Amino acid sequence: MGIKDLLKFMKPYIEPIHIKKYAGKRVGIDAYSWLHKGAYSCSMEICLDANSEKKLRYLDYFMHRINLLKHYNITPVVVFDGGSIPCKAATQYERYRKRQTNRELAMEKLKEGDVNAASELFQRAVNITPFMAYQLIQILRSESIEFVVAPYEADAQLAYLSGLETEKDGIAAVITEDSDLLAYGCQATIFKMDRYGNGEEIILDKVFDTVDRRPSFQNFSKELFTGMCVLAGCDFLPSIPGIGIVKAHSFVSKYRNNERVLSVLKLEKGSQMPEDYCNSFREAFAVFQYARIYDTNTKSLKHMKPLSQTLLGSSDKDLDFLGPEIPSSIASAIAEGNLNPANMEAFDRFSSSGLDLKPLIKDHCTPKKVVAIVQAKHPSSCFVGPFSNETRGVVMKQNPVLGESKYIHEALALQKLVSSPEVREEAKEAIVWSDIPVRISKNPFKIEAKGMAEEISISVEDENSIMSLEFPDNGISKKRKHQEINLDQGVTEVEKFQESVDKRTSSGKGRGKLNKPKMSNQNTIFKFFSRVQV
DNA sequence: CGGGAGTATAAAT
DNA sequence: TATACTCCCG
């Protein structure tokens with residue numbers, strides 16, 4: 001993930017820090033890295049889509065860390081990934097494939113009865129779905145934690161925020177596991193933060209200013225550093241065979257200009273160098289500098305930094321590799337967590353949520369859950385329409401089940417946890433909540449228009465149709481989209497945009513039945529990947 | 001010999 | 001998933 005071997009290479013510049021260093025500051029969080037770590041503890045439940053509540057433990061994990069930051073008077077700003085950009089498709093497909101094979105292996109072990117081996121494999125098969133992110137978003141809203149869904153890469157959004165003044169929505173540091181942030185030029189990045197707040201930090205300016213240290217980055221600019229990262233191999237472009245981080249660094253140090261490095265490389269590696277490497281390099285390099293991000297102030301998309309003169313001359317279409325332009329109303333619906341960036345559907349409509357909750361409710365009906373169900377059946381009290389700012393954040397508070405935030409209790413327990421080592425063991429116990437409230441995401445029943453339920457169950461029963469489950473295609477989703485979305489005004493733009501998305505992605509194919517994605521068609525398959533990572 | 005690429009194994013939860 | 005170890009190439 002990220003830049004190959006970069007963290008290892010940067011070891012001499014890594015400083016152990018404690019998060020309290022950022023007391024009183026705003027700190028950005030790459031939501032994906034915590035979601036993924038949190039999913040570790042319940043990967044089997046997630047993969048099997050079990051009805052157990054253990055499945056939701058990743059949310060506890062996440063909020064535990066949020067509370068850790070709050071405990072140290074840090075303002076967390078959670079950033080989610082949005083859609084994927086074209087040049088990452090190869091990497092994403094690779095990861096998707098690995099997950100699938102691991103999942104298959106896991107199922108085998110499970111049949112053999114080897115649960116341990118199975119769960120180990122399931123850990124490598126977990127995928128963080130937009131719906132899982134959405135569940136977290138609902139909690140963040142109810143806890144008034146700031147968050148934003150990036151239009152494309154969260155890393156780009158985070159790096160952008162780290163470049164803003166602190167008073168102007170900026171963040172002082174970023175917590176992540178992804179070395180890409182360095183390539184994006186993020187000033188302060190914290191890796192490997194543990195549950196006590198200890199982590200490893202890299203300050204980019206220090207890297208450039210330090211003398212007498214190997215590897216040396218003296219007089220490196222951000223651009224040279226990014227160039228080195230791309231050469232070493234990143235998610236957007238694999239490296240030339242025989243080139244790794246060490247050689248990338250030595251080339252960039254020697255020639256001090258990315259274009260010059262490219263020419264030298266062409267001479268030296270001529271045969272092994274892919275035909276289009278230079279152009280691919282320039283694209284990847286440009287993404288790290290000019291990627292499209294969401295600007296909270298103008299509530300629209302913009303580039304990380306103003307386009308260079310050469311790029312300004314390009315047509316809109318030619319700039320699509322930075323992440324295609326999105327109309328502002330859509331961009332803000334995505335950013336605010338109301339629209340699933342993977343399929344452009346309203347989050348609280350279909351998604352897999354209905355599928356998750358229905359069996360859960362049927363199978364275990366505790367009194368508290370019944371209350372939740374009743375709530376769910378009365379949309380007026382827990383309904384969040386797409387694009388409706390007024391109702392945002394109110395949902396959970398109105399819900400008697402969710403009303404008293406368990407995360408407040410958690411915060412108290414945490415206070416104990418971090419205060420003195422002696423009470424840690426004791427506090428750890430307190431932190432395991434005995435009663436996990438049901439998290440109802442709006443009304444799972446509401447969407448059950450006639451005919452849909454059976455179509456849905458078809459996709460559930462088919463073991464191999466994971467993709468159609470997570471990324472419902474055409475037919476059903478569109479039907480609903482029209483029926484629901486018309487309730488709202490400002491919808492025309494949504495529909496228009498959706499239509500253009502449809503055209504682009506499904507090449508205007510029929511919209512009648514639930515189509516199975518075709519593995520042979522690359523364009524078709526890639527659009528099914530929402531956000532992927534191993 | 002250095003570095004890259006591939007493989008093993010442990011860690012985290 | 002990340003780090004360590006090993007092999008092979010220039």
Side-chain angles (χ1 to χ4, degrees), chain A residues 1-12 14 16 30 32-47 52-65 68 91 94-99 101-103 105-106 115-128 176-180 182 189-200 202 214-215 228-229 231-235 237-254 265 267-273 410 417 424-425 427-429 431-433 436 532-534:
Chain A
M1 182 170 83
I3 311 301
K4 199 158 171 269
D5 295 326
L6 182 63
L7 252 31
K8 202 171 71 181
F9 189 65
M10 299 299 288
K11 203 73 163 223
I14 291 179
D30 178 8
Y32 202 69
S33 61
W34 285 2
L35 277 172
H36 203 276
K37 279 188 179 180
Y40 237 131
S41 60
C42 50
S43 50
M44 181 158 9
E45 288 75 12
I46 291 171
C47 288
S52 97
E53 294 186 339
K54 194 182 169 191
K55 191 168 65 171
L56 298 174
R57 265 172 43 178
Y58 64 93
L59 297 171
D60 301 333
Y61 176 100
F62 201 105
M63 292 312 290
H64 175 274
R65 289 182 171 220
L68 177 79
T91 309
E94 174 73 8
R95 287 172 181 169
Y96 165 79
R97 236 201 49 234
K98 275 186 186 160
R99 276 199 313 270
T101 44
N102 280 316
R103 186 175 168 276
L105 288 171
V115 181
N116 283 340
S119 66
E120 198 169 296
L121 286 162
F122 276 127
Q123 289 181 350
R124 301 174 191 197
V126 246
N127 181 29
I128 305 301
T176 184
E177 300 301 319
D178 193 341
S179 56
D180 274 343
L182 302 176
T189 315
I190 300 163
F191 299 97
K192 300 176 173 57
M193 196 193 87
D194 68 14
R195 72 182 129 168
Y196 304 112
N198 297 112
E200 303 181 340
I202 295 183
R214 318 230 56 129
M228 175 193 79
C229 290
L231 285 174
C234 62
D235 288 349
L237 178 67
S239 69
I240 299 167
I243 303 288
I245 185 69
V246 176
K247 288 199 172 163
H249 173 262
S250 90
F251 272 112
V252 172
S253 305
K254 191 166 172 189
L265 242 26
L267 288 175
E268 287 191 17
K269 297 261 167 192
S271 53
Q272 304 179 62
M273 198 161 148
E410 216 257 305
L417 178 71
R424 265 181 205 170
E425 285 312 307
K428 261 186 229 164
E429 293 297 316
I431 255 169
V432 180
W433 311 286
I436 302 176
V532 235
Q533 184 202 333
V534 179

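As the structure is a computational prediction, the values presented were derived from the model and not from experiment. Proteins come first, then strands; the chains are lettered A, B, ... in the order of their sequence lines, and each starts at number 1. What you see below is based on every heavy atom in this structure, not just the backbone, and it leaves out hydrogens, waters and symmetry mates.
Atom CD1 of Ile245(A) is separated from atom P of dA5(B) by 12 Å (rounded to the nearest Å). Remark: P of dG3(B) and CZ of Phe251(A) are 13 Å apart, rounded to the nearest angstrom. Per the geometry, CG belonging to Leu6(A) stands 12 Å off P belonging to dT3(C), to the nearest Å. Taking atom CE on Met193(A) and atom P on dT1(C), their separation rounds to 19 Å, with Å as the unit. Here dT3(C) presents its P atom at 13 Å from NZ of Lys4(A), a figure rounded to the nearest Å. Taking atom CG of Asp30(A) as the reference point, atom C1' of dT1(C) lies 15 Å away to the nearest angstrom. Atoms CG (Asp178(A)) and P (dT1(C)) sit 11 Å apart, rounded to a whole Å. Per the geometry, NZ belonging to Lys8(A) stands 11 Å off P belonging to dC5(C), to the nearest Å.
With sequence neighbours excluded, no residue forms a side chain to side chain donor-acceptor pair (under 3.5 Å) with Lys247(A).
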Handout entry: Pair Arg65(A)-Lys37(A), side chain to side chain contact (heavy atoms under 4.5 Å, CB included): steps then yes or no
Key = CA-CA 11 Å; Arg65(A) 289 182 171 220; Lys37(A) 279 188 179 180; 4.1 Å; yes

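For the residue pair Thr91(A) and Asp235(A), no side-chain donor N or O sits within less than 3.5 Å of a side-chain acceptor on the partner.
Side chain of Glu45(A) to backbone of Ser52(A): no donor-acceptor contact under 3.5 angstrom is found.
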Completion exercise
With B for base contact, S for sugar-phosphate-only contact and - for none (protein heavy atoms under 4.0 Å), nucleotides 7-13 of chain B reads ---BBBS

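Taking side-chain N and O atoms only, Lys11(A) has no distance below 4.0 Å to OP1 or OP2 of dA2(C).
Taken from CZ in Phe251(A) to CD1 in Ile243(A), the straight-line distance is 5.0 Å, to the nearest 0.5 Å.
Note on ring orientation: taking the six-membered ring where Trp is involved, the planes of Tyr40(A) and His36(A) are perpendicular (angle over 60°, cut-offs 30° and 60°).
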